[in-house]
Amino acid sequence: MKQIHVLLCEDDPDHRFLTTRALQAVEGVEITVDAVGDGAEALDYLYGREGYAGQQPPNLVILDLRMPKVSGLEVLATVKADPDLRKIPVLVLTGSERPEDVDETYRLGGNSYVTKPPGLEALEEVAAYWTTRASLPQPVA
Amino acid sequence: MTALDVVAWLTGLLFAAVAVDGVHLWRRHRSEAAAWMVAAFTALGGAILLGRVLPPRPAGPAAELAREVVLVAVLAFPYLLYRFTAALARRRDRAIPVLTAFTALLLGLSVALSLPAPGEAVPAWYRPYVALVLLYWTVLAVVVAGRLWHAGAGQPTPARRRMRTLAVASIALNVALLLAGSTAGEQAPFTLALLTQVTAGVSGALFAVGFSPPAPLRALWRRPEGSRLRAAERGLMVANSSSEVAAGLLPPLAQLLGGEAAALYAADGRLLGRHGSSPVATPPQASDGADRGVEVWPDRVVLRFEHGTAVVHTSPYTPLFGADEVELAQSLATLVDLALGRVELLDRERLGAAELERTNAELQTLLYGLSHDLRNPLLTMVGYVDLLAQGHGGSLDADGQRFVERIARSARYMDALIRDLLELSRVGRVHTETEPVDLTEVVREAADEVRAADTRASVTVEPLGAVSMSPVRARQLFANLLQNAVRHGGRDDIAVTVRSERAEDGSLCVSVSDNGVGVPEEYRERLFGLFERMESGLGAGTGIGLAICRKIMEQLGGTIALAEAAEGADVRLRFPARSVLPDAVLESRS
């Protein structure tokens with residue numbers, strides 16, 4: 001079965017839980033979800049720093065914009081500017097509907113912008129698309 | 001009295017008139033130049049007139065004294081005229097002490113020597129003496145004429161003409177003197193005497209014209225400045241900022257007054273604009289506390305008006321020769337006052353608009369933040385409730401499941417409410433670009449979406465037309481209206497028709513009508529208010545959709561209302577004529 005490794009960057013613990021549940025509910029694919037609660041930790045994870053030494057980069061990053069320490073947009077900018085990490089698709093999943101946030105996300109190279117839908121079913125739809133419909137790259141070791 | 005006598009009297013009177021004019025000028029300006037002018041022409045005029053009334057020689061000691069006075073006065077005239085031009089020049093004239101000494105010497109000599117009466121024998125020293133006097137006079141007259149002519153070059157037309165007239169007058173007088181002196185003691189032939197007298201008379205007339213030209217002449221000389229002034233006035237009337245006012249006012253003002261530099265200050269002393277290279281001093285305090293009008297100082301003209309002050313650095317000639325121009329400057333000052341007043345209003349408006357813009361932006365940011373923070377916990381609620389329903393529905397009884405479902409619906413409703421409120425505020429506040437929008441296409445797309453959600457509903461779209469508006473708002477508008485019809489029509493197989501017609505005044509009326517339950521008359525207007533709904537409960541819509549539609553139409557300058565209908569609801573939209581586009585626009589795009 002296809003195996004997908006997802007990094008979820010979300011500071012709200014409830015949303016973390018719900019999104020992880022939605023991802024794990026997708027059928028036909030085995031998804032491992034690693035979650036971090038702030039932008040600094042997200043960058044540590046992606047660069048294999050601090051407690052994440054030796055960590056494999058994920059196939060997909062799901063990114064909330066409002067995070068403490070380092071904001072989602074900053075994480076996005078860093079990832080997309082890095083020649084090794086830039087190919088990893090970043091799905092921005094956020095409560096913000098601001099057009100400026102949408103614009104800035106795509107300008108920085110974000111791959112998709114989804115305003116958090118109310119309801120598990122909708123979340124599951126989004127998760128299913130990204131993990132079963134879309135093809136994801138193999139990250140560099 | 002012979003013709004000669006008449007001319008002589010006239011000449012004397014003309015010079016006396018110039019002296020009187022000089023007295024007026026001196027009283028107005030207290031300038032040194034005016035004082036010298038009074039002295040010079042009093043001397044000459046007085047001498048000529050006195051000379052007319054003196055008895056012929058030999059006469060008594062009083063008459064002799066008078067004769068000496070006349071001689072001194074006549075000889076002093078060129079010196080006094082020279083001092084007049086020197087007083088107008090900027091730089092200190094170093095020749096003056098020498099000249100004064102020489103003049104004093106000459107006058108002393110003239111008094112000491114006893115001049116022969118006409119007909120007497122001419123002593124040996126007489127001819128050289130006369131030659132000396134003529135040389136002295138000629139040199140001074142030429143210098144004076146040269147200075148006045150040259151100085152006129154930089155002045156506006158009226159001042160220039162006047163100064164050059166004076167230069168010519170000076171030369172003319174000199175010529176008269178030379179003619180008189182050419183005979184040196186011998187009886188002059190009649191023609192020569194007449195010519196001398198006439199030339200002197202002409203000189204007197206020219207001096208008079210130069211110092212106080214008659215009105216028609218002034219008007220004629222003023223014409224070139226007049227047209228420049230009118231151009232400046234036009235510029236002032238359309239100025240939109242204080243720097244535009246300064247740019248429109250200062251160059252013509254400086255030119256009008258023959259100045260090199262000018263500056264415009266606001267009422268609070270701020271510098272609004274400058275012209276010319278030399279520095280302009282800040283305006284002096286009003287001399288007598290007056291806050292309006294024109295002040296003429298020796299080196300500048302200050303115009304005071306309600307909204308500010310204009311200062312022009314002028315030449316020393318302006319006070320004497322620029323009286324007309326100062327009047328014109330005063331009329332300009334009135335216009336500048338109006339212009340500055342208008343600019344102040346415009347500035348306040350602009351500030352107000354900028355302030356409003358800022359407040360709007362701040363509010364928008366606040367609303368986005370609020371919406372985000374309010375929706376977050378809602379999403380959590382809905383997520384968990386869904387989990388409950390999915391995974392744990394089995395452990396809940398029927399009531400429990402119903403309760404859970406109500407929680408979910410409530411949360412979703414609140415989410416929709418927040419999104420709609422945010423949208424309503426955006427419609428009012430956020431400006432979106434307008435472009436040609438094919439309403440038929442927009443409505444057809446909205447219809448497709450509605451039909452996909454409610455397969456039994458049918459929507460008929462007739463050709464509607466095109467308007468200039470934001471495409472996003474157009475979609476919002478018709479999506480809202482069609483969804484409303486389907487949701488609140490009261491029947492699953494609702495049929496909605498969208499058609500349009502052009503009104504006489506060019507506006508486009510679009511009607512969205514259905515065959516549903518319709519809206520009772522008492523609610524038709526109320527429904528467009530905020531939070532107004534026909535039904536209550538969580539499935540009934542947020543009550544914001546129609547408010548959004550109305551806001552969108554209001555922004556376009558149009559209207560939306562529920563019309564009376566035999567069956568169902570009939571929403572009438574009116575797009576104002578100015579937003580309606582001819583159908584040809586659409587064809588050119590496809």
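The chains referred to below are lettered A, B, ... by the order of the sequence lines, with proteins before strands, and numbering in each begins at 1. Since the model is a prediction, treat every value here as computed from it, not as a measurement.
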Select, from B:D415, B:T365, B:T380, B:L422, the one with the greatest count of heavy-atom pairs under 4.5 Å involving chain A.
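So the answer, after comparing B:D415, B:T365, B:T380, B:L422, is B:T380.
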Residue B:L379 versus chain A: region with a heavy atom under 4.5 Å
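It is both, since atoms from each part get that close.
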What part of B:N376 is in contact with chain A, defined as an atom under 4.5 angstrom from a non-hydrogen atom: side chain, backbone, both or neither?
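Both backbone and side chain of B:N376 come within 4.5 Å of chain A.
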Taking heavy atoms only and a threshold strictly under 4.5 Å, list by residue number the residues of residues 15-36 of chain A that touch chain B; give 'none' if the list is empty.
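Within residues 15-36 of chain A, the residues that come under 4.5 Å of chain B (heavy atoms only) are A:H15, A:F17, A:L18, A:R21.
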Report, by ascending residue number, the residues of residues 92-115 of chain A in heavy-atom contact with chain B at a distance under 4.5 Å; give 'none' if the set is empty.
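Only A:T94, A:G95, A:S96, A:E97, A:R98, A:P99, A:T115 of residues 92-115 of chain A have a heavy atom under 4.5 Å from chain B.
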Check the surroundings of atom NZ in A:K2: do more than 12 heavy atoms from other residues, nucleotides or ligands lie under 6.0 Å from it?
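More than 12 within 6.0 Å, yes.
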Counting only heavy atoms not in B:E362, do more than 12 sit closer than 6.0 Å to its CD atom?
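Atom CD in B:E362 is packed in, count exceeds 12.
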Identify which part of A:D12 has an atom lying under 4.5 Å from any heavy atom of chain B, answering side chain, backbone, both or neither.
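Contact with chain B: side chain only.
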Can a salt bridge be assigned to the pair B:D373 and A:R66 using a cut-off of 4.0 Å between side-chain N and carboxylate O?
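Between A:R66 and B:D373 there is a salt bridge, with a charged N closer than 4.0 Å to a carboxylate O.
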